[in-house]
Amino acid sequence: MQTVMAFVVGALYAAGLYLMMRRSIFKLIIGLALLSHGSNLFLFLMGYLTRGGPPITPPEAVRPVAPFADPLPQALILTAIVIGFGVQAFAVVLIRRAHETLGTDDLDKMQSTDVD
Amino acid sequence: MTSLILSTATTYLLPLLLLLSVYLLLHGHDVPGGGFVGGVVAAAAFALYAIAHGVEEARRVLHTHPRTLIGLGLLTALLSGVIAFVSNEPFLKGLWTTVTLPVEWKLGTPTLFDVGVYLVVVGVTLMIIFSVAED
Amino acid sequence: MKVLLLLPLLIPLLTAIISLLVWDRRLQRIFGVIGMAGLLGSAVGLLRTVCKEGIQAVQVGGWPAPFGITLVADVFAAIMVVMAGLMGLAVMVYSLTSMDKRRESFGYYPLTHIMLMGVCGSFLTGDIFNLYVWFEVMLIASFVLTELGSEKAQLEGAIKYVTLNLVSSALFLTAVGVLYGMVGTLNMADLANQLAKVKPSGLVTTASMLFFLAFGIKAAVFPLFFWLPASYHTPPVSVSAIFAALLTKVGVYALIRVFSLLFTGQTAATHGLILAVAGLTMATGVLGAVAQNDFRRLLSFHIVSQIGYMIMGLGLFTPLGLAGSIFHIVHNMLAKTNLFLISGVVHRVKGTYQLSSLGGLSRSSPGLAILFLVSAFSLAGMPPLSGFWSKLILVQAGLQAREYTIVAVALVVSLLTLYSMTKIWNEVFWKTDPAEGEQEPAKTDSFGEAESSLALLAPIVVIGCLIVSIGLAAQPVFALFEKAAHQLMNPAEYIRAVLGELP
């Protein structure tokens, strides 16, 4: 499973980067979303996969029954997902405004700030 | 877009969804739920209302500007941290007390923090949805 | 005094909350200035405490380190928080008259406070994932600030800025994942302990390079800086100024923190790379600047160039080098912010940033010309201003470490900086105004002219005085930076402050 997930992470990164290289601003945002999903999944995998062992301590016990899943990466990606949600919502509004104001979705036509 | 079915349904769905969101908010400490999920459900309820009745109407039903909700939410979250601080505990430490309503209910500063998260999420989400819908 | 560690975070938050709730421009301005002054005051208090009583740490929520989130302030972090407060206050006073009503009503003030909170949080946190969260707080606020007003150029700049920073965040998160998978902790002090036990392996190097890429994009170092000159000149000048003062410096801070605390096992490879990148950053930045013909774009390229000096000290990795880096960060925050603020005044008087259509300001406003000269000469490193001492220390550190190439690059770049500063001087202040005789552009603001120029010039004058006084009283200031560098080079004290006495 770990190996399969590793390939999934790789595919997400590759797809994200590929889409970011395209000229369409819309694909850029999709690419960014995939990239951040890729890193979220990667972070999740770093706690290693444990099936059917929630990290919940039974009453009158000191620690959960082994084997239990590492709860920390889950908490981390939850935070990262929430942040990603906010940033992507902003990015969608931004490209919408940009598309309306600039009248194009072609990144190659957005070079006026790179030259005098 | 005006649909009689949708607009009639949302009139009844809005209070139900808001109730569900409060349920999720209060149950969030040890079962799935919490401030974020509750806030998203509440925001979705208002978004649905905006789809059915228009953004103006949804703003009117909300009674207040989304940014006020953000401010209130941040204030609540800040308060939950300061309560622990003024009672000589580390900042943001969870303090718990049991309230005996008809049912016994554990109330604590993390609940208050969750309420803050709920308000901020509703505020931010609605701010984005309204501004996109109004453009 | 644990509360002092929390105040730099709580004051901006509270000010932002008040600005959100009252939503009245006049009150937001008043609270904005009060809030920034409060931030500066608490930061100075923190610095004094840290100097007197050593490194301070707070376990937020009462969860003991390394399990909870720790806030830590060593001398370096405290200095940075003081600078953030100072720059925040200066820019806030400046924006009282320079910010237009429309942007104010879209939430300029609360966003600035939230950004300041993110900046201070990044300086004070002792947890690597928490650092990511503070980065995002700062970035989201800065995204909205770049885009605020939705002008054409702003939107274009914002797309580049947002994209590159999101990529950097994804890399940062991946790097955190690698570290966590390797040693199973996120507390920076604990990480330092655990990483010292791990045998140098490809994985450690991978993690360190991912961090270098992530922070390098934010700090705008050599191959990763292209977003900066493409976006920093598009928003209003007070936004440009606060970005120039703080955001890239947060990246530099994170680089210094991570490469002095965590990745010190293979200094020959990692710090050698940093040194090479430092040289390239200086050179490319200044060469880019020489070719520019827009006041603010020229200054944006100089930000890049000066970042090179800041990480040069890190690359040398000697106490003197790090002290030079910190000195240069402080000096550059002052000088660069001041130059941006001056460019805003020039724009206000003449209505343009194009060097070719400016001129004659040395006769019409000699005071401004002197203020510009102070900052510009300081940036170029003329004695006795602050920039001279920071570059002198860096060069001395380079000579001690026998890194003659980087010293040569630093000196040549200094000359080129002087050249491009004199170019601004010639074009903006010295040559005759090409539009002489034509009508002055109309000025629109809500305040009277006298008040407006006072609020605009007061921050510039104060920062100018600071630049001169740091230059004249370099010794006591340098002693402070040396102390900060000493703490960075000996992380044992930092680790002890966070984790307590280890068995």
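Because the structure is predicted, anything quoted here is derived from the model rather than measured. Naming: A, B, ... by sequence-line order, numbering from 1 per chain.
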Legend entry - ring-ring contact (aromatic ring centres under 6.0 Å, His included) involving B:Y23 - partner list, sequence neighbours excluded: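 Applying ring-ring contact (aromatic ring centres under 6.0 Å, His included) to B:Y23 gives B:H27.
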
Legend entry - Heavy-atom side-chain proximity of B:L20 to B:L16 below 4.5 angstrom: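 No; the side chains remain at least 4.5 Å from each other.
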
Inset, instruction - Check side-chain contact (heavy atoms from CB on, under 4.5 Å) between C:L164 and all other residues, then give those that pass, not counting sequence neighbours. - result: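 Partners of C:L164 under the side-chain contact (heavy atoms from CB on, under 4.5 Å) test: C:I217, C:W227.
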
Inset, instruction - Mind checking side-chain contact (heavy atoms from CB on, under 4.5 Å) for B:I128 and listing every partner two or more places apart, or none if nothing turns up? - result: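 Here the qualifying residues are A:A89, A:V93, B:V124, B:V132.
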
Legend entry - Region of B:L69 that comes under 4.5 Å of a non-hydrogen atom in chain C: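 Neither; nothing under 4.5 Å.
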
Distance-only donor-acceptor pairs under 3.5 Å across chain B and chain C:
unit_1 : atom_1 : unit_2 : atom_2 : d
B:F91  : O      : C:G61  : N      : 2.6

Legend entry - Approximate separation, where rounding is to 0.5 Å, of C:L39 CG and C:I34 CD1: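 Rounded to the nearest 0.5 Å, the CG-CD1 separation comes out at 13.5 Å.
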
Legend entry - Rounded distance (nearest 0.5 Å) linking atom CG of C:L247 with atom CG of C:L139: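 If I round to the nearest 0.5 Å, the distance is 7.5 Å.
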
